[in-house]
Amino acid sequence: MSSECDVKYVDRVIPRISLRDFDARVDEITAELVAAAESYGIFVLTDHPVPQSAIDAQFAAGRRFFDLADSVKDKTPFVTSANAGWEKNSQARPSTGCVDRNESYQMQFSDEHMAGRWVADDDLPGFRNQSLAFMHACHSLSTKLMMCLARGLGLDDDQTFVNAHDITKPDIQTVLRALHYFARDAAAPTPARYCRAGPHADWSFLTLLFQRPGQGGLEMCPGRDAVTDFGHGQGDDWTKIKPAEGEIVCNIGDLLMFWSDDRFKSALHRVRTPTDPAVDYYGDRYSLAFFNQPNSDCVVQGPKHKYPRVTGREFTQLAMKRNFAQLRREQERQERQEQEQERGIQKERQSAMIVPPVEFQAATSFSPYTGSMDAGDSAAASAAFSMAACMASASASAMTASMM
Ligand SMILES: O=C(O)CCC(=O)C(=O)O
Ligand SMILES: [Fe+2]
């Protein structure tokens, strides 16, 4: 994993697809969606049917939720089995081995998943109805895209994907996630291993992402050839996706990559951690991610049968298993690296003691050895500390990490 500071940027043109006159232009729109899905797997929708007033209202509702005291938000904590509820600084990413520094609230359509997970009307009047209305608008737009993508793949039934995302059934897994990234002081250095959202691909079928103008940070890196490939560290060059009013960023998720036998690409993306006051956004950042996730019982099988047939539930379980195995490998790698660093420091200390330079004996506090050793000590100490913090929160959230 490269650090945020030495990242390479590439100016890619992210496809922009207008949904104007959808019914009349459906073939043209389908061709554009397929081309975008086959290349970067990420595109921007314009002239779509979700009104700006509805987007603004949902951002305002999310803002009201995040402004509540943690003790109130914690009345509806995140649970993995439901993939719903509130969590803070607890989603660990395999790419970083650390938790993302944000809070999020995940909402689902089904009463079964949301039992005890909706914030109470007394705490936030109207929040539930507002959010469900927004989710229906996102779902309705998603069904148009699903129909085009099924046609583009040449499936016999262009409703295959729509039918696999039936929000009236209790086993629907689709999620609206409201996110809040905390403001950082631009004058203070960013702590080691502080990540807004580490590189990842979504497990969903298709994600609709709403950003606020001026609250930048979203970046993408294409190039995963197979859904089984994590891709972290390969082709590590990123492109910024600037937020703009009225636009929706869509990214193909792993499920659609799997379902299309890897023809449609699920893109790596992340939210940049601000480290450079000249270019980065340090303020509070809010976003809304609508993850289309299928019914647990639907059957997933690509037209070319590249991968075995699985149910929606099995796909999610396999993705979680793979994710946590990779997370563990990354955390173990970091632990080994820290132990090696610690051993190197011990060796350096011993050799400094064997041959103490004259100036070291005379003026300890100005010695270059003292200086470098102190610097090493404090770097190692702070790395060890932050790793311990990461490990603690990662294991606390272990299997609670949300599914995207
Ligand atoms: O907040 C964002 O812009 C991206 C969020 C995201 O990628 C996720 O939650 O999976
Ligand atoms: Fe994501």
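Both ligands and their constituent atoms are indexed starting at 1 by order of listing.
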Could you tell me whether [X] and [Y] make a salt bridge, using a distance below 4.0 angstrom between a side-chain N and a carboxylate O?
{"X": "R224", "Y": "D254", "result": "yes"}
{"X": "R128", "Y": "D123", "result": "no"}
{"X": "E32", "Y": "R20", "result": "no"}

**OP:** Taking the Fe ion (ligand 2) as the reference point, name the nearest N/O/S atom of D202.
**Re:**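 The D202 atom nearest to the Fe ion (ligand 2), restricting to N, O or S, is OD1.
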Subject >> Option of least heavy-atom distance to atom 8 (C) of ligand 1 (set: H200, R270, Q91) >> reply: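 Nearest heavy atom to atom 8 (C) of ligand 1 lies in H200.
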**OP:** Pick, from R212, R272, Q211, R285, the option with the minimum heavy-atom distance to atom 2 (C) of ligand 1.
**Re:**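 The residue whose heavy atom sits nearest atom 2 (C) of ligand 1 is R285.
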Number the atoms of ligand 1 from 1 as they appear, then name those within less than 4.0 Å of a heavy atom of [X], with their elements.
{"X": "Y181", "answer": "1 (O), 2 (C), 4 (C), 5 (C)"}
{"X": "V271", "answer": "1 (O), 2 (C), 3 (O), 4 (C)"}
{"X": "H269", "answer": "7 (O)"}
{"X": "F291", "answer": "8 (C), 9 (O), 10 (O)"}
{"X": "L179", "answer": "1 (O), 5 (C), 9 (O)"}

For the residue pair [X] and [Y], categorise the inter-ring angle as parallel (less than 30°), tilted (30 to 60°) or perpendicular (more than 60°).
{"X": "F109", "Y": "H139", "value": "perpendicular"}
{"X": "Y307", "Y": "F258", "value": "parallel"}
{"X": "Y105", "Y": "F65", "value": "parallel"}

Original post:
Which one holds for D202 and ligand 1: side chain close, backbone close, both close, or neither close, with close meaning a heavy atom under 4.0 Å?
Top reply: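 Looking at D202 and ligand 1, just side chain atoms fall under 4.0 Å.
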Original post:
If you measure every N/O of S287 against every N/O of ligand 1, is any gap under 3.5 Å?
Top reply: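 Between S287 and ligand 1, an N or O pair is found under 3.5 Å apart.
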**OP:** Have a look at the Fe ion (ligand 2) and estimate, to 10 degrees, the angle subtended by NE2 (H200) and NE2 (H269).
**Re:**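 Answer comes to 90°, rounded to 10°.
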Original post:
Can K73 be said to sit on top of F66's aromatic six-ring, NZ or CZ under 6.0 Å from centre and within 45° of the ring axis?
Top reply: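 Ring-cation test returns no.
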Subject >> Minimum side-chain heavy-atom gap W86-K88 below 4.5 Å >> reply: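 Yes; the side chains approach each other to less than 4.5 Å.
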Original post:
Does R177 come within less than 4.0 Å of ligand 1, judged by its heavy atoms?
Top reply: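 Yes, R177 has a heavy atom closer than 4.0 Å to ligand 1.
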